Amino acid sequence: MNTQLYNPFEVLQRQIREAARILNLDDATTEFLLWPQRELKVTFPVRLSDGGVRVFHGYRIHYNTARGPAKGGIRFHPDETVDTIRALAGWMVWKTALIDLPLGGAKGGVICNPRLLTENDLEAIARAYVRATFQFLGPDKDVPAPDVYTNPQTMAWMMDEYESLLQTHQPGVFTDKPQQIGGTEGRRDATARGGIFAVREACKQYGVNPHGRFAIQGFGNAGQRAALLHADVLGGGKLVAVCDSKGGIYNEHGLDPDALVTYKLKTGSVVGFPNAQPIPRDAVLELDVDVLYPAALENAINADNAHNIKAKIVCELANGPTTPEADSILYTRGIHVIPDILASAGGVTVSYFEMVQNKSMYFWDEKTVHERLKEKITKAYQTMIEAMEEKKVHPRLAAMVVAVARVAQACKLRGWV
Ligand code: GLU
């Protein structure tokens with residue numbers, strides 16, 4: 001199978017159909033949930049620092065807003081398409097519903113390669129994107145955050161552009177901002193921390209050693225934070241392998257997370273890290289570990305490699321890393337998957353905390369953020385386990401059933417379907 005041809009939007013629709021079947025949803029509700037409510041496609045020219053003008057294409061997609069304002073990240077990535085953004089927007093709907101946040105789901109993206117652009121170019125693109133989309137955005141309408149290759153600095157530029165256009169202070173229109181301009185404590189490591197809280201619950205549920213070996217596929221923000229926090233939050237654990245887009249590294253005695261993150265930030269890759277053996281990038285997924293964190297892009301675990309996964313727990317910090325075929329294979333092989341809509345929901349959960357703090361103009365301390373995050377993730381984990389037992393389905397389907405039921409109910413209450 002050529003996994004490149006796997007369209008994430010088709011995966012999303014398949015997941016929705018399966019959940020709708022289990023819930024006996026009527027045809028109109030199912031059809032409504034299978035599609036985004038609103039899609040904005042923008043094309044905008046930007047003068048780059050080399051003096052030339054380049055035309056960029058971007059999207060902002062509101063998948064569903066029945067439960068609250070649209071919420072979800074903005075990516076800068078060369079491979080984005082309308083269908084990747086649709087799928088990612090849909091997964092935000094199920095994420096916010098599963099955690100029971102009063103939010104809908106959205107996603108945005110600009111097709112560009114940040115590796116080939118300067119800091120000034122990225123600022124110009126961020127600002128131009130906001131000028132093209134701002135009527136779609138707002139603290140009670142649609143609140144973006146960072147995603148792949150965007151970060152708090154991107155949000156700062158975007159917020160500034162939005163405020164300039166509206167001539168009013170509106171910090172709640174973006175989340176994961178720098179703390180000096182309205183960001184919250186605990187947002188930067190929230191995705192990884194939320195995933196690790198879920199791992200803790202899964203270890204208890206399935207009798208897995210929380211202090212064993214773990215590996216990370218993908219070493220962006222979520223992957224790096226997972227490396228730094230795993231042993232801290234769980235009280236132990238050994239990081240044995242990591243990869244990024246350039247290659248993988250392994251050390252059976254353990255890699256030092258602090259030194260590794262410093263090395264990655266300095267050199268741009270984990271490849272060449274001292275005292276580690278180089279291994280092929282995808283080999284990281286197939287190692288004998290207690291916990292595996294896929295923290296890169298979609299379709300990493302697919303029908304080609306699912307039979308070789310040896311981890312006891314797979315904690316999906318990435319969005320959509322496992323294809324439906326791989327899901328069934330992992331389930332029948334007794335591998336415990338913590339699905340992305342739960343495992344990676346820590347980010348949007350703390351984004352929601354940031355929105356609450358921006359509305360009240362009163363900020364919480366770090367401990368409060370961590371405690372409230374733990375509460376939300378733990379509760380969602382238990383709800384998923386109950387649905388698994390009640391419906392006799394695999395964890396992703398159980399999580400989807402809970403989320404789809406909540407969104408369908410909100411649509412019905414509003415009289416939409
Ligand atoms: N981009 C992150 C995600 O996929 C965070 C979204 C948010 O905070 O709105 O969950």
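Please read all numbers here as calculations on a predicted model, not as lab measurements. In listed order, ligands and their atoms are each counted from 1.
- Note: F134 and Y162 have perpendicular aromatic rings, judged against thresholds of 30 and 60 degrees for the angle between ring planes.
- Short contacts between ligand 1 and G72, defined as distances under 4.0 Å to a heavy atom of the residue, involve ligand atoms 9 (O).
- Counting only heavy atoms of the protein, atom 3 (C) of ligand 1 lies nearest to K95 NZ, 3.4 Å.
- What sits closest to atom 5 (C) of ligand 1 on the protein, heavy atoms only, is R187 NH2, 3.5 Å.
- Looking only at protein heavy atoms, the nearest one to atom 1 (N) of ligand 1 is D147 OD1, 2.7 Å.
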T322/E316 under side-chain hydrogen bond (donor to acceptor under 3.5 Å, both in side chains): CA gap, chis, key distance, verdict: CA-CA 8 Å; T322 308; E316 297 183 338; 2.5 Å; yes
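- For K71 (side chain) and V143 (main-chain N/O), a donor-acceptor pair under 3.5 Å exists by modelled atom type.
- Numbered from 1 in the order shown, with element, the atoms of ligand 1 that lie under 4.0 Å from a heavy atom of M92 read 3 (C), 4 (O), 6 (C), 10 (O).
- Looking only at atom types and distance, the side chain of D121 has a donor-acceptor partner in the side chain of T118 under 3.5 Å away.
- A parallel orientation is assigned to the rings of F214 and H230, their planes being inclined by less than 30° (bins at 30° and 60°).
- Not a single heavy atom of R75 sits closer than 4.0 Å to an atom of ligand 1.
- If you check which protein heavy atom lies closest to atom 8 (O) of ligand 1, you get S351 OG, 2.6 Å.
- Between Y149 and H77, the angle of the ring planes stays under 30°, which puts this pair in the parallel group of the 30/60° scheme.
- In this structure, the protein non-hydrogen atom closest to atom 4 (O) of ligand 1 is K107 NZ, 2.9 Å.
- In this structure, of G346, A190, A145, the residue bringing a heavy atom nearest to atom 7 (C) of ligand 1 is A145.
- For the pair T29/K412, a side-chain contact is recorded, criterion being any heavy-atom separation below 4.5 Å from C-beta on.
- Ligand 1 has an N or O atom lying under 3.5 Å from an N or O atom of P146, backbone or side chain.
- Residue-level proximity to ligand 1 for N319 is carried by the side chain, the only part with a heavy atom below 4.0 angstrom.
- A cation-pi arrangement is not found for R60 relative to F136, the charged atom failing to lie both closer than 6.0 Å to the ring centre and inside a 45° cone about the ring normal.
- Scanning the protein for heavy atoms near atom 9 (O) of ligand 1, the closest one is K71 NZ, 2.7 Å.
- Residue contacts with ligand 1 leave out A345, since none of its heavy atoms falls under 4.0 Å from the ligand.
- The pair E201-K204 meets the salt-bridge criterion, with a side-chain N (NZ, NE, NH1 or NH2) lying under 4.0 Å from an Asp/Glu carboxylate O.
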